[in-house]
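The structure under discussion appears below in the form of structure tokens.
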Amino acid sequence: MSTFYDEIGGSPTIRAIVHRFYAGVAQDEVLRPMYPETDLGPAEDRFASFLEQYWGGPTTYSERRGHPRLRMRHAPFAVTPTAAQHWLRHFRDALDEVALPPEQDQQFWDYVTHAAQFMVNTLEEPEEVPRPAR
């Protein structure tokens with residue numbers, strides 16, 4: 001019985017998606033400040049390992065880092081709805097680049113869309129509304 005990980009091409013496909021995703025993050029004015037590391041390589045590796053495990057591949061992520069605890073790991077950062085949209089834009093670009101079959105693309109997209117919404121931990125400050133002159 002094959003896993004989703006196997007169906008989409010395993011590690012090479014997931015690593016291509018994550019690499020393209022981080023190429024977008026590296027240039028993103030909203031997301032880049034959330035990564036304190038100068039080199040995004042370690043974050044890229046962690047995310048790829050997480051996705052490989054999630055989709056039925058090797059359990060390297062848990063062996064190295066334990067339970068994912070995604071919300072806890074992201075708690076120090078203000079993940080706003082705007083940040084989630086930026087995250088999704090880069091992920092959409094990455095999925096488009098690897099061109100998964102439509103059914104697998106939709107399954108992956110559904111997961112990341114839900115994950116992005118789940119990770120929001122800070123509502124944005126409302127824009128200041130000018131007071132009318134008296």
Side-chain angles (χ1 to χ4, degrees):
M1 182 158 145
S2 71
T3 64
F4 185 81
Y5 172 82
D6 297 322
E7 290 173 14
I8 65 170
S11 185
T13 301
I14 288 178
R15 298 228 168 228
I17 291 167
V18 172
H19 185 72
R20 174 61 179 87
F21 168 79
Y22 273 100
V25 168
Q27 304 303 315
D28 191 287
E29 70 283 354
V30 172
L31 298 179
R32 185 59 181 101
M34 292 185 193
Y35 294 85
E37 301 161 311
T38 302
D39 176 11
L40 291 175
E44 184 175 326
D45 184 58
R46 288 189 301 269
F47 190 34
S49 293
F50 169 77
L51 290 173
E52 288 171 345
Q53 179 174 307
Y54 179 83
W55 291 116
T59 58
T60 308
Y61 182 89
S62 287
E63 291 164 8
R64 290 182 185 161
R65 298 183 52 86
H67 188 281
R69 301 185 309 250
L70 296 177
R71 284 186 64 94
M72 184 197 77
R73 291 185 196 276
H74 291 81
F77 308 101
V79 182
T80 64
T82 296
Q85 289 306 308
H86 282 242
W87 192 88
L88 285 170
R89 177 174 11 121
H90 299 303
F91 215 98
R92 181 70 260 163
D93 291 345
L95 286 174
D96 289 347
E97 189 167 291
V98 299
L100 297 174
E103 186 176 312
Q104 281 86 4
D105 181 274
Q106 188 62 54
Q107 189 172 347
F108 216 132
W109 183 245
D110 288 347
Y111 168 73
V112 297
T113 301
H114 173 75
Q117 293 167 355
F118 176 74
M119 297 307 294
V120 170
N121 61 17
T122 303
L123 296 179
E124 291 158 309
E125 294 293 320
E127 290 184 35
E128 191 171 316
V129 178
R131 292 183 179 200
R134 290 187 175 198

key: Donor on one side chain, acceptor on other, Thr60 and Glu52, under 3.5 Å   = no
task = Quick one: pull up NE2 in His90 and CD1 in Ile17 and give me the separation to the nearest 0.5 Å.
result = 15.5 Å
ask   = When the ring centroid of Phe21 is compared with that of Trp87, is the distance short of 6.0 Å?
value = yes
query = Just wondering, do Gln107 and Pro102 contact through their side chains at under 4.5 Å, heavy atoms?
reply = no
inquiry  = Are there over 12 heavy-atom neighbours, none belonging to Glu103, within less than 6.0 Å of that residue's CD?
reply    = no
request  = Hey, could you give me the CD/NE2 distance between Glu97 and His19, rounded to the nearest 0.5 Å?
outcome  = 8.5 Å
inquiry  = Once side chain to side chain donor-acceptor pair (under 3.5 Å) is applied, do any residues pair with Arg92, and if so which ones, sequence neighbours excluded?
reply    = Asp96, Asp105
query = Is it true that a side-chain atom of Tyr5 and a backbone atom of Ser11 form a donor plus acceptor pair closer than 3.5 Å?
reply = yes
query = Can you name the closest pair of heavy atoms from Ala116 and Ala84 and give their distance?
reply = O-CB, 3.8 Å
Minimum-distance pair of heavy atoms, taken over all atoms of Arg20 and Ala94 = CG-CA, 3.5 Å
request  = Begin with the C-alpha distance, continue with both residues' side-chain angles, and end with the deciding distance and a verdict on side chain to side chain contact (heavy atoms under 4.5 Å, CB included) for Leu40 and Arg32.
outcome  = CA-CA 9 Å; Leu40 291 175; Arg32 185 59 181 101; 3.6 Å; yes
Test item: side-chain donor near acceptor, Thr3 and Asp6, under 3.5 Å = yes
request  = Could you tell me which non-hydrogen atom of Ala16 sits nearest to which non-hydrogen atom of Val98, and how far apart they are?
outcome  = CB-CG1, 3.9 Å
ask   = Any side-chain heavy atom of Tyr111 sitting closer than 4.5 Å to one from Leu51?
value = yes
key: Proximity of Phe108 and Phe91 rings by center, below 6.0 Å   = yes
Smallest separation among heavy atoms of Thr13 and Gly9, with atom names = OG1-CA, 3.5 Å
query = Can you tell me how far OG1 of Thr80 sits from CD of Gln85, rounded to the nearest 0.5 angstrom?
reply = 9.5 Å
query = With sequence neighbours excluded, what pairs up with His86 under the side chain to side chain donor-acceptor pair (under 3.5 Å) test?
reply = Asp28, Arg89
remark   = Taken to the nearest 0.5 Å, the spacing of Phe4 CZ from Trp55 CH2 works out to 4.5 Å
ask   = Just by distance, do the side chain of Gln53 and the backbone of Ser62 share a donor-acceptor pair under 3.5 Å?
value = yes
ask   = Of all residues at least two apart in sequence or in a different chain, which pass the ring pair (Phe, Tyr, Trp, His ring centres under 6.0 Å) check with Tyr22?
value = Tyr35
request  = Look up atom CG in Asp45 and atom CZ in Arg15, then write down how far apart they are to the nearest 0.5 Å.
outcome  = 4.5 Å
ask   = What closest approach, in Å, do Val120 and Pro81 show between heavy atoms, and which atom pair accounts for it?
value = CG1-CD, 3.9 Å
query = Between Trp109 and Leu88, does a side chain to side chain contact (heavy atoms under 4.5 Å, CB included) hold up when you go through it step by step?
reply = CA-CA 9 Å; Trp109 183 245; Leu88 285 170; 3.9 Å; yes
